[in-house]
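These notes concern the structure reproduced below.
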Amino acid sequence: MKLYLKTLLFILLLIGAAFCVNIYFSSAAVSEAMGGQITDSAASAAADLTLGFQKAFLSGRELDGITALHAFAQKTGAVYAGMVTAEGTIIAHTNVALTGTRLADPLMLRGARSAAPVFRRTIYNGTEIVDAVIPVTRHKHSSAEDILFEGLGTAGEISGFLRAGLPLTSARKAEQDITFKLLILALFIASAAALLSALFARVILRQVSLLGEGIRKVREGDYDFSVPVISRDELGDVAESFNKLSRGLSETTVSKQYLDSVLESMPDPLLITDVAGNILKANRAAAEFSGYDFLPPGAQNLGELLQPQAEGAQPPFPLLAKSGHIKEMDLWLKARDGKKLPVMLSAAFIGGEGRRQIVMVLKDTSQHKESEARLAQYLKEVETVNSELDAFAHTVSHDLKEPLRGIEMFSGMLLSDYGAKLEPQAGDYLHRVLKASGRMRRLIDDLLSYARVARVRNPYERASTAILAAEAVAGISALVEEHKAVVRVSENLPEIFCDPVKMRQVFQNLVSNAIKYNDKPVPEIDISAEKFGDYYWKFSVKDNGIGIPAQYFEEIFKIFKRLHSRQEYGGGTGAGLAIVKKIVEEHNGRIWVESAEGKGSVFYALIPADLRAKP
Ligand code: ADP
């Protein structure tokens, strides 16, 4: 029921109750007044008949009393009348059977005590009457005869009492009239009061109903709604506070509508489930992606639709319960048409204890999967091409060596067998042919070594780089001695997981370069290493040699790239650093050089301590 109606009903009930009480007491008062009036008029009728009554009281004769009583009854219309002495004895009564009996009822006693007319309403033979007790006093103006016969009594002294049943008929009508008028008046006042109270309630409750409207709007998410303040009282204060509250809410709260539109506009499927996985909400992307409408809320269980991609992996919900969240887990989602769609799930709990829910975001990884497969395919193709190239380089260089050997052999034979017969010019040409073939053999050998890096796969194992470096230096001891070089291998060189044969070659190539490209009387070389993050070791081979111009820092790692003429610095083909680079990269590492011309160079190689671990 509306507050307005409740208030109105309450006020009406109050007014009704007030009027009932009022009418009850008013009619009681009227009936009291009527009774009094009837009794009074009977008392005055009795006063007129005082002499007759006194005579009867004095004589005590019933006949005297009956005469007076009849006169009284005639005057007042009394239904019964009796004369009672102060002691309570009935000396005469219209009902003669009562003469001589004693009367000691409460009304009689009250009348005797108060010495004034008393009455009460009662029913006599089915009709309502006024039962009255009227004291009869001595009359001042008694006649001379009376005084002669009866003696002088004291005026005002009570001789006895008149007990009479007085009719109410005349009074009854007046009483009904008054009650009726009272009722009409009550009705009129009640309707006026109801009207006024209705108006009053409306005025007061208007502010309350406006507040109710405001609360409804805020509940619907319209935080900008403000309630008109129409009363300058406590209710007005409440409305002001409400407006402040809603303003605060609109500034600090994200409306449900806003949140819904964010969720709906998300390109990725998003689902909200209870802790058991029952889907409570899903955005449009989720419905479009899976084909389900996920309605009604809670009807579908996400756990039944998801399945791990990895063999033997734990399903998402038990995992979530254990770890509290899931980040990028590869799963299959069973779509409505029965297809298995590859997805990546991220999930986390939201809400407090008892209201915990799970937000799940799915990422369609079908494209990702396709490109992964394409990439793997490309990689395979590249590997095939690379190994074919390596095989080609190997075969070519191998095959080239054969005719070269022939050229070298026959040129040598020509020189040794016919050298003396040849013209000096021809001899010189032959020497040049021999030299060129020698160079070509070296080139082919280096090309073969380069191709071998990729072709030959030695087993990887944990190896001490200190030992590998020492072995590398020992392998070129002739060169070291020839140049009187000093090679220092730091004690802190680590153990790493690598191809030891190739790593030894790295050290050997770098150290031999450091000795070769050195113009100092004592070439000094330092091999050391330091930790680079948790994953890498940074090896360095430092020399005090001729240095490298900055523009060649990258160039020198290309195959057959040399910075000097063939004769300078002991010659070479320019394959050494290319081989080093290839080996380092095979170990998932990186190589570079820092150098200052004339001062020396430092070659750095960043190599994982254990390339089986992830960086
Ligand atoms: P090679 O030594 O056979 O010429 P490399 O590939 O080992 O070929 O080196 C390429 C070029 O880089 C060398 O010709 C040389 O000019 C330069 N170089 C290599 N190491 C050093 C070094 N430690 N100091 C100065 N120059 C160097």
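Position 1 is the first residue of the sequence, and the numbers go up from there. Order of listing sets the numbers, starting from 1, for every ligand and every atom in it.
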Exercise for review: Compare all side-chain heavy atoms of Trp537 with those of Leu606 and state whether any distance is below 4.5 angstrom.
Suggested key: no

Study note, to complete from the structure: The protein residues that pass the under-4.0 Å heavy-atom test against ligand 1 are Asn513, Ala514, Lys516, Tyr517, Asp543, Ile546, Gly547, Ile548, Ile556, Lys561, Arg562, Leu563, His564, Gly572, Thr573, Gly574, Ala575, Gly576, Leu577, Ser601, Phe603

**Study point:** Ser565 vs Glu568, side-chain hydrogen bond (donor to acceptor under 3.5 Å, both in side chains): CA-CA, chis, key distance, verdict
**Key:** CA-CA 6 Å; Ser565 67; Glu568 278 180 296; 3.1 Å; yes

Review point. Without hydrogens or angle criteria, can the side chains of Ser528 and Asp526 be said to hold a donor-acceptor pair below 3.5 Å?
Key: no

**Study point:** Arg336 atom CZ: more than 12 heavy-atom contacts under 6.0 Å
**Key:** no

Practice item. Could you tell me which residues satisfy side-chain hydrogen bond (donor to acceptor under 3.5 Å, both in side chains) with Glu524, sequence neighbours excluded, listed by chain and number? Key: Arg488

Practice item. Please round to the nearest 0.5 Å and tell me the distance separating atom CD of Glu482 and atom CD1 of Ile476. Key: 11.0 Å

